[in-house]
Structure formats: structure tokens, C-alpha cells
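Okay, structure first, notes after.
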Amino acid sequence: MNILKAENIIKKYKNGEYYVRAVDNVSLNVKKGEFITIIGPSGSGKSTFLHILGGMDSTDSGSVYINDINIATFNEEDLAIFRRRNIGFIFQKFNLIPVMTVEENIKMPVLLDGNRVNESYFEEIVNVLRLNNKVNSYPNQLSGGEQQRVAIARALINRPAIILADEPTGNLDSRNAKEVIELLLYSIKKYNQTLIMITHDTKLATKGDRTLYMDDGRLLSSEDKCNEKLYADIL
């Protein structure tokens with residue numbers, strides 16, 4: 001069953017007198033529980049496309065469906081609520097609120113919805129991500145790997161069906177990157193979530209159920225494009 005479907009997505013930006021297609025007529029079907037990695041050179045449209053899938057950016061044409069709901073039908077307020085309840089975002093920059101503790105940062109999406117936090121689920125998440133002894137710490141007291149694990153916990157707290165990750169290990173050293181990815185993959189498997197991840201790490205890319213290659217705004221399957229030469233091109 002497809003949990004996410006993008007149909008003929010086009011996104012243009014003006015560059016001087018000309019328009020550049022950051023996303024050029026891209027379609028994608030994603031099954032529930034699938035892990036997809038997207039690789040490609042900088043400026044190829046990967047992040048723009050990911051933001052469109054998550055309703056953080058609009059399209060010039062084309063549609064995005066999540067659980068058969070066309071997200072373009074929402075007004076801005078309703079779209080924000082839908083995103084918060086259905087999609088978890090993880091970025092290269094951790095985007096933690098410095099004046100909030102780890103616990104407060106993680107629980108924030110639930111509290112923004114005016115809901116009560118499921119404390120047993122919260123405890124489960126922090127234990128899975130090995131943050132149980134850090135809940136009263138502030139972001140500036142954490143390592144980069146710990147901050148990213150907090151960001152993952154925040155993305156999981158509303159039990160979203162879809163996780164969108166944009167270079168989640170880009171600011172981490174190799175040891176922390178490996179640990180964060182192992183914990184993220186364990187989490188999505190445990191909670192049966194769909195993950196779409198942008199990465200420049202070709203070893204990480206091969207862990208996905210599918211690897212897609214994006215270049216000049218176009219999306220191609222690994223079978224079409226992701227050969228050894230093109231992997232080398234993006235490093």
C-alpha cells in the first residue's frame with residue numbers, strides 16, 4: 001500500500017531572466033514501511049523535493065498525496081497541524097530550542113497540539129535512543145550525536161507515519177554518524193515507519209530498500225543511474 005505519492009511535481013525558481021526547474025516533473029510512490037535513500041550532487045533539487053513531500057514547500061504544478069489525501073487542499077494552519085501529526089522531520093542542523101531541556105524539546109510537538117504526552121511512549125523513545133540520562137540537560141550540554149538523537153526523538157514523539165531526513169549525519173563525525181543511523185533505523189523498524197532520507201554517504205545509501213539518484217531536478221532509480229561512476233561524482 002502506498003503511504004505517499006507524488007505526481008508530476010514541478011518547482012521553478014527565477015534566476016535572473018530565466019526560470020530554473022529545481023524539481024522537474026518528478027513522480028514517486030512510497031510504500032508503508034519503506035526506507036528510501038536519495039543521493040545526488042549539491043543543487044540537484046533533493047532538499048527542495050523533500051520539503052515538497054513534507055508540505056514545507058509548495059509546487060508550481062503536480063500533487064502530493066499522503067494516505068490518499070492531497071495536501072494541497074489544506075490551508076496553511078491545517079497543513080501545519082497535518083504535518084505535525086503525520087510527518088517527522090530530521091535535518092542536518094538539529095534545530096533544538098536552546099532554552100528548553102531535552103525532555104521539553106522532545107515533547108514540544110505533542111504540547112503544540114494541546115495533547116497530553118504519553119509518558120510510557122516517551123520513556124520508551126528516550127531509552128531506545130539512549131537519552132534517558134540526558135532528559136534534564138540543555139542542548140549546549142550535549143554532543144552533536146546526542147543532539148541529533150534528541151531531534152530524532154522529537155520526530156518520533158507524535159508517532160508519525162513518515163520520517164523525512166535531510167542529511168541527518170552531515171554535522172557528525174563518523175562514529176556519531178554511525179551510532180545515530182543505527183538508532184534511527186532501529187526506531188523506524190520498531191515503530192513500522194516510512195523513511196525517506198537524503199544523504200551523501202554512499203554506504204548509508206545502500207542500506208535503503210531503494211536508492212534514487214537526483215540530478216538537475218530529475219529523479220532516477222538506482223538501476224537507471226546509480227552506478228559506480230555516478231556514486232563517485234557526488235563525493
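All residue numbers in this chain count up from 1 along the given sequence.
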Is there a side-chain contact between Asn86 and Ile69, using heavy atoms and a 4.5 Å cut-off? no
Could you tell me whether Glu119 and Lys107 have a side-chain N and a carboxylate O separated by less than 4.0 Å? yes
Separation between CG of Leu53 and CD1 of Ile87, rounded to the nearest 0.5 Å: 8.5 Å
Could you give me the CA-CA distance, side-chain angles and deciding distance for Asp57 and Phe49, then say whether side chain to side chain contact (heavy atoms under 4.5 Å, CB included) is met? CA-CA 8 Å; Asp57 201 351; Phe49 182 54; over 6 Å; no
Under 3.5 Å donor-acceptor, Lys134 side chain and Glu146 backbone: no
Using a 4.5 Å cut-off on heavy atoms from C-beta on, say whether the side chain of Thr169 contacts that of Gln148. no
CA sep, side-chain torsions, deciding dist, call: Glu179, Arg175, salt bridge (charged side-chain N to carboxylate O under 4.0 Å, His left out): CA-CA 6 Å; Glu179 181 182 60; Arg175 182 182 63 83; 5.1 Å; no
Heavy-atom distance under 4.5 Å between the side chains of Leu142 and Arg149, does that happen here? no
4.5 Å side-chain heavy-atom contact, Leu164 and Met56: no
Is the closest side-chain heavy-atom distance between Thr199 and Ile181 below 4.5 Å? no
Considering only heavy atoms from C-beta outward, does the side chain of Ile38 approach that of Ile196 to under 4.5 Å? yes
Are Val128 and Val126 linked, directly or through intermediate hydrophobic residues, by side-chain heavy-atom contacts shorter than 4.5 Å (ILVMFWY only)? yes
Side chains of Ile163 and Leu156, heavy atoms from C-beta outward: is any pair under 4.5 Å? yes
Does Pro41 offer a backbone N or O that forms a donor-acceptor pair with the side chain of Lys46 under 3.5 Å? yes
Measuring from atom CD1 of Ile90 to atom CG of Asn95, what distance do you get when rounded to the nearest 0.5 angstrom? 11.5 Å
Atom CZ of Phe35 and atom CG of Leu185: how far apart are they, to the nearest 0.5 Å? 5.0 Å
If only atom types and distance count, is the side chain of Asn105 paired as donor or acceptor with the main-chain N or O of Ile97 below 3.5 Å? yes
Mind checking whether Glu124 and Asn127 have side chains closer than 4.5 Å, heavy atoms only? no
Determine yes or no for a side-chain-to-main-chain donor-acceptor pair under 3.5 angstrom, with Lys32 supplying the side chain and Thr194 the backbone. no
